[in-house]
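Here the structure is laid out as structure tokens; the discussion comes afterwards.
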Amino acid sequence: MFKQASMGFFSLVGAVFLLFLSSSLACDRCLHSSVASYSSSDAALSGGACGYGSLALSFNGGLLAAANPALYRQGIGCGGCFQIRCKNPTLCSSGGVKVVLTDQNADNKTTDWVLSSKAFMAMSKPGRSLELRKLHTVEVEYKRIPCDYGKQNLSVRVEENSQYPHYLALKLLYQGGQTDIVALDLAEVGTSNWSFMTRKGGAVWQTNRVPAAPVQFRFVVTAGYDGKWIWAGREVLPADWKPGMVYDTGVQIQETAQEGCSPCDTSIWN
């Protein structure tokens, strides 16, 4: 009894701390000005700090981006969606491009954003993409927007180094809405013996307290000005779960986090 209470306490404390980290570095839904360049290799963005690997190339049609550490936020920012448009009125469209954050731009100190080449050229007006690409670096403005994966639910991928009952690592995929996942708990289906997972790095969470399968999950996401529990009220990992497999949680995250900052541009760029 004491053990389970402790696990719940530390999970709650961790969530509160991460909510503070998320909110203290937030206001990313407001309009910001910066500079963006592009990567010569889109594979570099997919294999980056968020840990998505080749799966990232299937996100958002390959429109990917690496962001500075303030937006990456120790991995909390992974999977976030942003709308970015360049300021060159001759070459750039007014709608810009919608990208998914898949990597940290830690090495390039001159730009906040490094886009996939496809995303960079997608900021252009029709027929001007090659001209824009030749510039390599452009002034931009950006804001965070909700991610929309249609009917695709939030999913978890079991990492290859997972081994029951000693270790489990999960990668979160298709995180909808405009939120941050700041805590993740798991338990055997039909029990309330919840234990918490810790963020290993990027979009990957881990635990060495692997419950008996089948396994259920619950998440804490930023929502409104506070946090909210999202319950995957069903079996997510089956009794015969296997490393390398992707499992559907059965839930979609659609919340939008509100931040105490202004002014914010909530209009739709076209």
Side-chain angles (χ1 to χ4, degrees), residues 36-69 71-82 84 97-108 113-122 144 147-164 166-177 179-182 184 186 197-208 210 215 217 219 221 232 236-238 240-249 251-253:
S37 62
Y38 67 87
S39 172
S40 58
S41 170
D42 291 353
L45 296 181
S46 66
C50 289
Y52 292 120
S54 60
L55 285 171
L57 297 175
S58 66
F59 297 166
N60 196 38
L63 301 175
L64 312 176
N68 65 16
L71 290 167
Y72 178 76
R73 289 177 294 143
Q74 301 179 29
I76 293 175
C78 289
C81 294
F82 291 81
I84 305 175
V97 64
K98 299 176 182 178
V99 300
V100 177
L101 197 162
T102 59
D103 195 9
Q104 179 178 206
N105 175 27
D107 299 326
N108 190 335
W113 291 96
V114 175
L115 310 183
S116 63
S117 58
K118 184 177 181 180
F120 190 88
M121 291 190 291
R144 188 170 180 184
C147 294
D148 183 2
Y149 291 105
K151 295 182 179 181
Q152 176 68 61
N153 294 328
L154 177 69
S155 299
V156 297
R157 182 186 186 276
V158 179
E159 297 295 87
E160 279 79 4
N161 57 341
S162 299
Q163 184 180 16
Y164 180 80
H166 307 293
Y167 180 73
L168 176 64
L170 300 174
K171 184 181 300 174
L172 301 183
L173 306 173
Y174 311 117
Q175 177 183 335
T179 62
D180 299 326
I181 295 178
V182 295
L184 171 56
L186 74 172
M197 301 186 75
T198 58
R199 190 184 296 273
K200 179 180 180 181
V204 180
W205 295 72
Q206 65 180 357
T207 182
N208 58 7
V210 185
V215 180
F217 293 93
F219 310 84
V221 303
V236 177
L237 296 188
D240 59 345
W241 62 260
K242 295 179 175 59
M245 296 296 293
V246 176
Y247 298 97
D248 189 330
T249 67
V251 300
Q252 290 190 6
I253 297 177

Minimal non-hydrogen separation, Thr179 against Arg144, with atom names | O-NH2, 2.6 Å
Verify, without hydrogens or angle tests, whether Ser162 (side chain) and Ala169 (backbone) share a donor-acceptor contact under 3.5 angstrom.
-> yes
Only one of Val99, Leu57, Leu101 passes side chain to side chain contact (heavy atoms under 4.5 Å, CB included) with Leu64, and that residue is Leu57
Please check if atom CG in Asn161 has more than 12 non-hydrogen atoms from other residues, nucleotides or ligands closer than 6.0 Å.
-> yes
Any side-chain heavy atom of Cys78 within less than 4.5 Å of one from Tyr72?
-> yes
Compare all side-chain heavy atoms of Leu154 with those of Tyr174 and state whether any distance is below 4.5 angstrom.
-> no
Would you find a donor on one side and an acceptor on the other, under 3.5 Å apart, between the side chain of Ser155 and the backbone of Val246?
-> no
Drop me the distance from Gln104's CD to Gln74's CD, to the nearest 0.5 angstrom.
-> 9.0 Å
Let me see the working for Trp113 and Asn105 under side-chain contact (heavy atoms from CB on, under 4.5 Å), right down to the final yes or no.
-> CA-CA 7 Å; Trp113 291 96; Asn105 175 27; 6.0 Å; no
Return yes if some donor-acceptor pair links the side-chain N/O of Gln163 with the main-chain N/O of Pro243 below 3.5 Å, else return no.
-> no
For Val204, the option from Arg199, Met197, Arg157, Lys171 that meets side chain to side chain contact (heavy atoms under 4.5 Å, CB included) = Lys171
With side-chain contact (heavy atoms from CB on, under 4.5 Å) as the test, would you mind laying out the steps for Glu159 and Trp205 before giving the verdict?
-> CA-CA 10 Å; Glu159 297 295 87; Trp205 295 72; over 6 Å; no
Check whether any side-chain heavy atom of Leu173 sits under 4.5 Å from a side-chain heavy atom of Tyr52, and report yes or no.
-> yes
Report the C-alpha distance between Asp148 and Lys98 in whole Å, list the side-chain angles of each, state the deciding distance to 0.1 Å, and finish with yes or no for salt bridge (Lys or Arg N to Asp or Glu O under 4.0 Å).
-> CA-CA 11 Å; Asp148 183 2; Lys98 299 176 182 178; over 6 Å; no
Kindly compute the distance separating SG (Cys50) from CG (Leu172), expressed to the nearest 0.5 Å.
-> 11.0 Å
Heavy-atom closest pair, residues Ser116 and Leu63 | OG-CA, 4.0 Å
Nearest atoms (heavy-atom pairs only) where Gly80 meets Cys147 = C-SG, 3.9 Å
Going through the distances and angles, do Trp241 and Val210 end up as a side-chain contact (heavy atoms from CB on, under 4.5 Å)?
-> CA-CA 12 Å; Trp241 62 260; Val210 185; 4.2 Å; yes
Between Ala36 and Phe120 the two heavy atoms that sit nearest each other are O-CE1, 3.7 Å
Does some side-chain heavy atom of Val221 sit less than 4.5 Å from a side-chain heavy atom of Gln175?
-> no
Reference residue Leu186; test side chain to side chain contact (heavy atoms under 4.5 Å, CB included); the match among Leu168, Leu170, Val156 | Leu168
Nearest heavy-atom pair of Cys81 and Val100: which atoms, and what distance?
-> SG-CG2, 3.9 Å
How are the rings of Tyr149 and Phe59 set relative to one another: parallel (under 30°), tilted (30 to 60°) or perpendicular (over 60°)?
-> perpendicular
Counting only N and O atoms by type, is there a donor-acceptor contact under 3.5 Å from the side chain of Thr249 to the main-chain atoms of Ala232?
-> no
How long is the span from the OG1 atom in Thr198 to the CG atom in Asn208, to the nearest 0.5 Å?
-> 8.0 Å
